[in-house]
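Numbered from 1 within each chain, the chains take letters A, B, ... in sequence-line order.
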Amino acid sequence: MPELPEVEYASRVLRDAVVGKTVRDVKVLHRAQRRSLTSRSIARVRGARIVAVDRRGKHQLITLSTGDTIVVHFRMTGDWLVDQARLPIDKFARVVLELAGGGRVSLVDPRALSTITLHRQGEEALPALGPDPTDPTLHVDTFGAALSRRRIAIKQALLDQRVLAGVGNIYAAEALWLAKISPRVPASSLSSTRQARLLEAIRSVLAKAQQDTGRYRDDGEGRFEVYDREGMPCSRCGTLIRRIVQGQRSTYYCPHCQRR
DNA sequence: CGTATCCTGACC
DNA sequence: GGTCAGGATACG
């Protein structure tokens, strides 16, 4: 469940659970995570107090009293589980933070593709990222300039975190549908009018998702207009939604509303 | 630029 | 048994 709105929600859950607490111990339960979170890193975390939790794009940043920063990325299937250290561990727990006082936060991730890394103070903790689309100071011109430099399909440009941080496969498709833009047109070909319409659509789709996230857990039909709706009618025109593959990711779109 | 790779589970 | 999955990176 992790695109910007879901990660924003998860980071709030984490913040409420850990800020002000001391890390008693860290346990890495899967070899995939051990590659990035070494026993040397764990030794630096143990005993530190958690000062803050922030989000940037799909990354969560945990600031420690030592000045170090833990960066967590959920990739496809990561999430937090907050409970007590005395309870049985979740089947899919990959990394566990045990807190002083008996609290526990588990990084649960069936596919174990999540990453968790430790960065020293002053060291760059994040990869190169474009602005968050939710940042109100982001101006259309900045977004447009980033798009105009890319000849790749607009859908793929939206997935490039250096263009915008936090947009993933679902909301890229949803935003393009809302803006009535074909996922296959070159990013650089969008007029400034369409650039503006697209940024607005992205913001709208993310804001709506943010409202829904956490409020109704998951379930659900009817959450998306095009994503995972191949062969179903477009809610605007009735044309059947189509699925194509771009950069090894599924793209869903309405071939009528989203012509080039 | 496209392609393979990291993992595991769900589903056909 | 094969395919697909809300992500990103390393490679040729």
- [ ] Test for a donor-acceptor pair under 3.5 Å between the base of C/dA8 and the side chain of A/Gln161, counting only N and O atoms.
- [x] no

Task: Salt-bridge criterion met for A/Lys27 and A/Glu98 (N-O under 4.0 Å) - done: yes

TODO: Scan A/Arg162 against the nucleic acid and name what it touches under 4.0 Å (heavy atoms): base, sugar-phosphate only, or nothing.
DONE: nothing

- [ ] Before accepting this row, confirm whether a basic side-chain N of the pair A/Lys208/A/Asp212 lies closer than 4.0 Å to the acidic partner's carboxylate O.
- [x] yes

- [ ] Would you indicate what A/Tyr227 reaches in the nucleic acid, counting non-hydrogen atoms under 4.0 angstrom: base, sugar-phosphate, or nothing?
- [x] sugar-phosphate

- [ ] Tell me whether the OP1 or OP2 atom of B/dG9 has a side-chain N or O from A/Thr77 closer than 4.0 Å.
- [x] no

Open item on the list: Any base atoms under 4.0 Å from A/Thr115, or only sugar-phosphate, or nothing? Heavy atoms, all strands.
Closed with: nothing

Task: Nucleotide nearest A/Arg94 (side chain, heavy atoms from C-beta), chosen from C/dG6, B/dC6, B/dT8 - done: B/dT8

Task: Stacked cation flag A/Arg229 on A/Trp177, 6.0 angstrom / 45 deg - done: no

TODO: Choose from C/dC4, B/dC1, B/dC7 the nucleotide whose nearest atom is closest to any side-chain atom of A/Arg243.
DONE: C/dC4

Task: Nearest listed nucleotide, side chain of A/Lys58, among B/dC7, C/dA8, C/dA5 - done: C/dA8

Open item on the list: Rounded to whole Å, please give me the gap between CG in A/Asp79 and P in B/dT8.
Closed with: 19 Å

Open item on the list: Quick check for you: among B/dG9, C/dA5, C/dG7, whose closest atom lies nearest to any side-chain atom of A/Pro110?
Closed with: B/dG9

Open item on the list: Taking the basic N atoms (NZ, or NE/NH1/NH2) and the acidic carboxylate oxygens, is any pair closer than 4.0 Å for A/Arg104 and A/Asp83?
Closed with: yes

- [ ] Name the nucleic acid region contacted by A/Arg31, choosing base, sugar-phosphate or nothing; use a 4.0 angstrom heavy-atom cut-off, strictly under.
- [x] sugar-phosphate

Task: Nearest to side-chain heavy atoms of A/Phe92, which nucleotide of C/dG7, B/dT3, B/dG9 - done: B/dG9

Task: Electrostatic pair A/Asp68-A/Arg44, nearest N-O below 4.0 angstrom - done: yes

TODO: Would you tell me if any nitrogen or oxygen in the side chain of A/His59 comes within less than 4.0 Å of OP1 or OP2 on C/dA8?
DONE: no

- [ ] Go ahead and name the base partner of C/dG1; Watson-Crick or wobble counts if both distances stay under 3.5 Å, otherwise write none.
- [x] B/dC12

Task: Interatomic distance where CG belongs to A/Leu37 and C1' belongs to B/dC6 [whole Å] - done: 17 Å

Task: Rounded distance (Å) that lies between atom P of C/dA8 and atom CZ of A/Arg75 - done: 7 Å

TODO: Please tell me if the side chains of A/Leu176 and A/Leu158 come closer than 4.5 Å, counting only heavy atoms from C-beta onward.
DONE: yes

Open item on the list: Can you check the distance between B/dG9 and C/dA8, where both ends of the measurement are the P atom (answer in whole Å)?
Closed with: 22 Å

Task: A/Arg35 side chain, from C-beta outward: closest of B/dA4, C/dA5, B/dC7 - done: B/dC7

- [ ] Any strand is fair game: report the nucleotide pairing with B/dC7 by Watson-Crick or G-U wobble, both distances under 3.5 Å, or none.
- [x] none

Task: Under-4.0 Å salt bridge between A/Arg75 and A/Asp109 - done: no

Open item on the list: Applying a 4.0 Å non-hydrogen cut-off, can you work out what A/Tyr171 is touching in the nucleic acid: base, sugar-phosphate, or nothing?
Closed with: nothing

Open item on the list: Looking only at the side chain of A/Gln248 (C-beta and beyond, no hydrogens), which of the listed nucleotides C/dG6, C/dG7, B/dT3 gets closest?
Closed with: B/dT3

- [ ] Using the C1' atom as the reference point in each nucleotide, state the distance between C/dA5 and B/dC1 in Å, no decimals.
- [x] 24 Å

- [ ] Nearest whole angstrom, please: distance from the C1' of C/dA5 to the CD1 of A/Ile170.
- [x] 10 Å

Task: Interatomic distance, A/Gln156 CD vs B/dT3 P [rounded to whole Å] - done: 11 Å

- [ ] Give the rounded distance in Å between these two atoms: CZ of A/Phe74 and C1' of B/dC6.
- [x] 18 Å

Task: Distance in angstrom units between A/Asp109 CG and B/dT8 P, rounded - done: 10 Å

Open item on the list: Taking atom types as they are modelled, would you say the side chain of A/Arg111 forms a donor-acceptor pair with the base of C/dA5 within the 3.5 Å cutoff?
Closed with: yes

Task: Separation of B/dG2 P from A/Ile244 CD1 (nearest whole Å) - done: 13 Å

Open item on the list: Taking the C1' atom in each of C/dG6 and B/dG2, what is the distance between them to the nearest angstrom?
Closed with: 22 Å

Open item on the list: Quick check on C/dA8: is either OP1 or OP2 less than 4.0 Å from any side-chain nitrogen or oxygen of A/His73?
Closed with: yes

Task: Phosphate contact (C/dG7 OP1 or OP2) by A/Arg249 side-chain N/O below 4.0 Å - done: yes

